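Working notes, structure below.
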Number of protein chains: 2
Amino acid sequence: MPPNKKNTSTRDRLLKVAEMLFAQKGYDSVSVREITTAAHCNLAAVNYHFGNKRALYRHMFRERWMSRAQRILTCFEENLAGRDETSCSSVIQSLAEAFIKGPLTDEERLYHFQLMTRELIKPTDAFDMVAAETMRPFFKTLGQRLRPFLSDTVDEEQAILNIISIIALVIYFNFARVPVSRIIGYAYDEPFKDRLVRHIVQFSLSGMPLKEETR
Amino acid sequence: MPPNKKNTSTRDRLLKVAEMLFAQKGYDSVSVREITTAAHCNLAAVNYHFGNKRALYRHMFRERWMSRAQRILTCFEENLAGRDETSCSSVIQSLAEAFIKGPLTDEERLYHFQLMTRELIKPTDAFDMVAAETMRPFFKTLGQRLRPFLSDTVDEEQAILNIISIIALVIYFNFARVPVSRIIGYAYDEPFKDRLVRHIVQFSLSGMPLKEETR
DNA sequence: GTCTATAGCAGGATAGAC
DNA sequence: GTCTATCCTGCTATAGAC
């Protein structure tokens, strides 16, 4: 019995392997045969445990992707709790660190963003679930955190565009790691991540129409 | 004979339909049957004109995607030529308009960004071609245009991060149209695109460490 | 250049033994 | 829960008529 089969149920191995393969190749490019082989179990296991391939995908998103997103959100809250909560830069830095450095391994982070990006390009039923239970609450929380710092002269739409812009930077530097690494000429090591977080904080802080100097 | 078959060669119809379907669904999720049916031609046409499915994809990228990217770049240059070239905001505004408003129809733009994003998540051999012939030159041009405005105290890496950040905003607001529209509550109509361009210019202009006030 | 017909294979799913 | 064996559908690609 292969080493990675120890102490894990077939069901859990299937979810783990499915996440990796779906993230890297996309739903249609992965066969059930490929998943079950990599998970060291029988072809029929997917149908036994989840019913069919589509349901495996949904369960994977529910049980793995969303709990991961939750971990990032928790990390954001914890980062913020350890800082001055009344400072706008604290909020942005906590956000950037939760995503760029955060609680995930580099591999997990890669899969996480690949899956999310695939859903953004072509939403499936999993996207509605994620949008309602993860993205919307997260966006709402972030809005409440940042709104107080924005100048009273900005309207609703401008406020939203500013918040989306910060998210855009964080997301982009995560999901475009490969091309960014090609341009800068080296990988995302820890020192670079620190400099990247600093850049994002500085760039978005200056970009926002703030009420007054509350850095 | 269907109306859209008039005055177009089978080859051109195949490329056009292939682009749409590959963009929306991804390479593996589209069958040659689906393409040839939509292009109102025979199943064997793909193999006759391009050899196989993969070669059709490559030709599509070469002949349609890259010429489209060229049109955006040309639009950027034209926008800039009509403005004050010595102003940093002119450069950013020309860039944002070329992408957000630009020479493409909304449909074309959607396919364009879906295809690019798919290549970003999982690069194929088409990506190397695009990176070398389109993205790298574009990034270089943009770098040369913007570098003069950046403060002398910023190093190479900081300059690159700033330029990538501007691109990130432009790209993100394009490829994430669906979720952005959901959040703001309406579609990307022309007035909104104008406000969006203004936001991007303002946000990135303030975010950059400029030499002096050259707005 | 366009068509039909078909080879050859891989896919998802299930029945039923253990 | 896990396995083997198998069904059937749909895929790419090609041969060869027109």
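Keep in mind that the numbers below use all heavy atoms, side chains included, and drop hydrogens, waters and symmetry copies. These numbers were taken from a predicted model, which means no experiment stands behind them. To find a chain, count down the sequence lines: A is the first, B the second, and so on, and within it residues start at 1.
Rounding to whole angstrom units, CZ of residue B:R11 and P of C:dT2 are separated by 12 Å. Atom C1' of nucleotide C:dG11 and atom CG of A:L56 are separated by 15 Å, given to the nearest angstrom. Between the P atom of C:dG11 and the OH atom of A:Y57 lies a distance of 19 Å, rounded to the nearest Å. Atom CG of A:L21 and atom P of C:dG12 are 12 Å apart (whole Å). The CZ-P distance, from A:F50 to C:dG12, rounds to 15 Å in whole Å. To the nearest angstrom, C1' of C:dT2 lies 16 Å from NE2 of B:H40. The separation between A:N47 atom CG and C:dG11 atom P is 14 Å, rounded to whole Å. Across the protein-nucleic acid pair, A:E34 atom CD and C:dA13 atom P stand 15 Å apart, rounded to whole Å.
Interatomic distance, B:S90 OG to B:F149 CZ, rounded to the nearest 0.5 Å: 7.5 Å.
Nearest nucleotide to the side chain of B:Y48, out of D:dA13, C:dG1, D:dC3: C:dG1. For B:N42, taking side-chain heavy atoms from C-beta onward, the closest of the listed nucleotides D:dG1, D:dC3, C:dT4 is C:dT4. With D:dG1, D:dA13, C:dG12 as the candidates, the nucleotide lying closest to the side chain of A:H49 is D:dG1. Checked against D:dA13, D:dT4, C:dA13, the side chain of B:N52 finds its nearest nucleotide in D:dA13.
In terms of heavy atoms, B:E108 sits closest to B:R68 at OE2-NH1, 2.7 Å.
When each of A:R33 and A:A45 is assigned the nucleotide of DNA chain D with its nearest heavy atom, A:A45 is the one assigned upstream, toward the 5' end. Each of B:S31 and A:L43 lies near DNA chain D, and the nucleotide nearest A:L43 is the one positioned closer to the 5' end.
The side-chain tip of A:R11 does not point at the ring of A:F50 from less than 6.0 angstrom away and within 45° of straight on.
Under a 4.0 Å N-O distance rule, the pair B:D128/A:R182 qualifies as a salt bridge. Salt bridge status for B:K193 with B:D106: present, with a side-chain N to carboxylate O gap under 4.0 Å.
Contact annotation: B:T10 does not reach the phosphate of C:dG1 (side-chain N/O to OP1 or OP2, under 4.0 Å).
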